[in-house]
Amino acid sequence: MTLWFVFALMTAAAIFAVLWPLGRGSRVQADGSETAVYRDQLNEIDRDASAGLINPPEAVAARVEISRRLLAAADNQREPPSGANLRLRRIAALVALVALPVVAVGLYGVLGSPGLPDFPLAQRSRTPDGTQSLDSLIAQVEQHLEKNPTDGRGWSVIAPVYARLGRLDDAIRAFRNSITYNGESADRRADLGEALVAAASGVVTAEAKTEFERAIALNADEVKANYFLGLAAEQDGRSAEAASIWRAMLDKAPPDAPWRPLVQAALVRVGGPPVPGPSKEAVAAAKDMSETDRSAMIHTMVERLATRLKQNGDDVEGWLRLVRAYMVLGDADKAKAASSDARQAVAKDPERLQQLNEGLKHLGLDG
Amino acid sequence: MIAESGHYALVLAFGLALIQSTVPILGARWRDVALMNVARSTAVAQLLFVAASFAALVTLHVSSDFSVVNVVENSHSMKPLIYKITGVWGNHEGSMLLWVSILALFGGLVAMFGNNLPISLRAHVLAVQAWIASAFYLFILMTSNPFLRIANPPMEGQDLNPVLQDIGLAVHPPMLYLGYVGFSISFSFAIAALIEGRIDAAWARWVRPWTLVAWIFLTLGIAMGSYWAYYELGWGGWWFWDPVENASLMPWLAGTALLHSLVVMEKRNALKVWTILLSILAFSLSLLGTFLVRSGVLTSVHAFANDPRRGIFILLILCLFIGGSLSLYAFRASSLKQGGLFAPISREGALVLNNLLLTTACATVFIGTLYPLALEVMTGEKISVGAPFFNLTFGPLFVPLLIALPFGPMLAWKRGDLLGAAQRLMAAGVAALIALALVWAWTFGGSTLAPLAIGLAVFVIVGALIDIAERIGLFRLPLGVAAGRARGLPRSAWGTMFAHAGVGIALIGIVCETSWNSENIRTMRAGDVTSIAGYSLKLESLTPRQGPNYSEMAAKFDVLVDGRLIATMTPSKRNFTTRGATTTEAALLSRGASQLYISLGDIGTDGSVAVRIYHKPLVLLIWFGPVLMAFGGVLSLSDRRLRVGAPKPAKSYRGLQAAE
């Protein structure tokens, strides 16, 4: 309703602009004319002549010429306004009162969308229920950053949140901003690389690889960067290189590093055995075997591992390998059984238990 | 509510323009003061409504209201505030709204400050303004409405063309439009004079300030646009004889001619019919400029509109206004009384020569710009008329213009003394010869034309200074007297000096840049060193950076002279993710009036980058000249005094000259 009220006021103002001069009658106002200009020019000649800018003969000649123009202009005066033409004025007033609103509203009715309210972005970002949900917290940080786009801390706070929510493009932008305003560091570069990988659905792109290499250049032991560089090697088909990167990581890592299982699992994937695996001969043999024979061989190997772990349950890596093997073989029940066995086996040792849980989480078997 | 109010304000402005274009004419016909005064109040009201409409659009862009199509298509919530505002006129719809806003601004100014005009002339002028305004309002509302809405607004916009995200865009289009649209006032005055059937020296006095304002803004707008192209497009060039650039140059040439012929008309009541024609031409060419950029006939960086329906609409507007005004001219011009007589060698004669050369130059640009377009429309054949054509036609026309330029102000009105003027210009000629010899000796073996052109430029500059020195009697009278006369000298005389010297200075810049520009194009890696014109440049590093709505690869160069670090330059290549477009941000280092210019090419995966390095001697003079010209224009505008050319007595009278 306010909208139409505003329109009504605007229309009234427009009508007033037309009616006002019509109502003021035919009082003749200050009216310029040619003679005024020529009189000014004559005065100007006098001023110039007295200032010595033109010499007397020229001044005289100029005065004569302008006077001639002045006389001509006076002869040829514009006819003074003849007064009121009331009929025309009434028509003009009628046009203003009727035609102007009709044209304006008619045209606007065709073109405008009076039903639509404004949608400024700032209002739309606010969540309607007003609870401090994650969305509204993000919106707050975003608003803050819109006003202070150089606040590196804000960017570093919001970047992982974006990544978690799957808003990967935003995450990448935020990580980049964080680097720009907080300065370079190995983990920031690695985080950015990770987001780039996630945005490329798991593929370590050349762009991401550059970021990891920068991270390594800043800190050779950066874990995430090393891991992803290994992954890049794996994806490029250079399994041996991947394995050596990961093995080097495991060698340097403290025994309780939470990421150990992940890297170990990856290492297993590319076939590099930190723990005894099938010998080269066995693998070569498996290649030549028929499908049934091969699966039989794999099954025997898995069984062997299972038996070994029943005797010595301290080997967390072994347990993880077993669970993974069952999953690869499509035996979800056995995988679950193995994981619960493993938990029982290491239950007394909290460090190992944590390591195991982490590893299981990465395998998708979340407790 | 803001969006709809802005829309309704625009519709109301259209309604008011319709009334303003009819009622005052009827009032003038029946000599009714009240009806004629409707023009004033409606012009002011129209200005208020358009201003409100424009303010509404700016607000919508700033608040990122993505329910408005125009905002969705040209904005992005992450864009910095300044580009949210300038983005309003960085697109077709918004720029047309800016166009009519400026039109309404000029109309409003005439209504508010036109008290010295005869009431019927004012009524006619404002009515003609309203004709133009009505046509453009209708065009905007029907084909390019910036206030169209979407019911389900998206959360993010499509961003502005990255090339336009630059501070140059904040200044260049408004300046250019102030120039283009400013000529609408002289057009309206000309049409009003034709309708009324009377025109005299006073008319020129009334039109001149408006024309001067338009000319100042157009000069600055063109210079600004050229500088923008120079640093933003990354090619190192500053004028490409691009049709869009020509479109702004043509009204400038016609407008410059108009300014000079107005002087003749104001002082001597002569050249009336010709001045009317120039007024019509200047605005017609401005309209054509708008048409060339907007209709989508041309594809270039400027042409952000691509809709044939719009093209047809603008074509109709063009035919109506250009065709209509020229028909009216043909019909009524013969009834206008002829004015004062003058000898061929006189100030008037010099200004006629100036007019002839400028309009011919304008015609060559016109042909070079439109002939390829016409040919393409007629036969489908595509030809390109480039710099060689313009250099061959435009150059030879400007040489006599520049040679004659210092003589003009030295000649007296009515009957001039060419020999006397030549004697007084002797010093300028000597200075020119010395400059020529020095430059020729210094660059022996190079271009032969360049030293000649420098000599010509020096002749123009010194000629402009001598004119002032002669008038105030410097070296001839005691210093105190001369200083007194300098103070008493009309400001327009100083304006003339600055504007004419500006032409010479721009010429020096142009010649130096084109003749002694050196370039170095190579592929570099971090740590590589290269050199140009005595500077060594070391590519220090190549680092990625993140801006608000783009990411960029910035190269850091150390600039060394004799092994001493004098500056670092960081050109970059920006990647705008929303539009998937890249722009080149050249780095400029000014050393005096010369510049070092680095722009980046392709960046290889192996850390190498293609680099273009230019050294451009005295390149800044190219834009300093126009700024000086505009400054001269401002000085002239501030000269409120009315002066009349004093005819020189038949007996030759050496020494003292006319004030003008």
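Lettering of chains follows the sequences in order, A, B, ..., and the numbering in each one begins at 1.
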So does B/Arg268 pair up with A/Glu65, basic N to acidic O under 4.0 Å?
yes

Between A/Arg63 and chain B, which part of the residue has a heavy atom less than 4.5 Å away: side chain, backbone, both or neither?
neither

Is the shortest distance from a Lys or Arg side-chain nitrogen in B/Arg198 or A/Glu34 to a carboxylate oxygen in the other one below 4.0 Å?
yes

Please look at B/Val38 and chain A and tell me whether the side chain, the backbone, both or neither of the residue comes under 4.5 angstrom of a heavy atom of that chain.
both

Quick one: of B/Ala45, B/Gly15, B/Ser5, B/Ala9, who has the most non-hydrogen atom pairs under 4.5 Å with chain A?
B/Ser5

Quick one: what part of A/Leu116 sits under 4.5 Å from any heavy atom of chain B, side chain, backbone, both or neither?
both

Do B/Val23 and B/Leu26 have side chains that approach each other closer than 4.5 Å (heavy atoms only, starting at C-beta)?
no

Highest number of heavy-atom pairs under 4.5 Å with chain A among B/Gln46, B/Met78, B/Arg545, B/Arg149 belongs to B/Arg149

dist B/Lys84:NZ -> B/Ser77:OG (nearest 0.5 Å) comes out at 6.5 Å

Examine distances only and state if a side-chain atom of B/Glu4 and a backbone atom of A/Gly112 form a donor-acceptor pair shorter than 3.5 Å.
no

So does A/Glu184 pair up with A/Arg176, basic N to acidic O under 4.0 Å?
no

Tell me, out of A/Ala17, A/Ala104, A/Gly115, A/Ser113, who's got the most heavy-atom pairs with chain B below 4.5 Å.
A/Ser113

Got B/Trp30 and B/Leu35 here, is their nearest side-chain heavy-atom distance under 4.5 Å?
no

Between A/Asp118 (side chain) and A/Pro120 (backbone), is there a donor-acceptor pair under 3.5 Å?
no

Residue B/Ile2 versus chain A: region with a heavy atom under 4.5 Å:
both

Given heavy-atom pairs under 4.5 angstrom as the criterion, report whether the side chain, backbone, both or neither of A/Pro117 touches chain B.
backbone

Between B/Leu141 and chain A, with a heavy-atom cut-off of 4.5 Å, which part of the residue counts as in contact: side chain, backbone, both or neither?
both

Relative to chain B, which segment of A/Thr210 carries a heavy atom at a distance below 4.5 Å: side chain, backbone, both, or neither?
neither

From the list A/Tyr108, A/Tyr181, A/Tyr38, A/Phe16, the residue making the most non-hydrogen contacts under 4.5 Å with chain B is A/Tyr108

Is A/Glu207 salt-bridged to A/Arg214, cutoff N-O under 4.0 Å?
no

Distance-only, no hydrogens or angles: does the B/Thr42 side chain make a donor-acceptor pair with backbone N or O of B/Ala39 under 3.5 Å?
yes

Applying a strict 4.5 Å limit to non-hydrogen atoms, the region of B/Ala52 in contact with chain A is neither

Please look at B/Trp203 and chain A and tell me whether the side chain, the backbone, both or neither of the residue comes under 4.5 angstrom of a heavy atom of that chain.
neither

Does any backbone or side-chain atom of B/Leu121 lie under 4.5 Å from a heavy atom of chain A? Answer side chain, backbone, both or neither.
both

Please state whether the side chain, the backbone, both or neither of B/Asp200 comes within less than 4.5 Å of a heavy atom of chain A.
both

Contact part of B/Gln20 toward chain A, heavy-atom cut-off under 4.5 Å: side chain, backbone, both or neither?
neither

Distance check, rounded to the nearest 0.5 Å: A/Leu196 atom CG versus A/Glu211 atom CD?
6.0 Å

Under 4.5 Å heavy-atom distance to chain A, tell me which part of B/Ser551 shows up: side chain, backbone, both or neither.
side chain

Can you say whether B/Pro154 sits under 4.5 Å from chain A via the side chain, the backbone, both, or neither, judging by heavy atoms?
backbone

Heavy-atom distances under 4.5 Å only: say whether B/Tyr8 touches chain A with side chain, backbone, both or neither.
both

Carboxylate-amine/guanidinium contact A/Asp170 A/Arg173, below 4.0 Å
yes

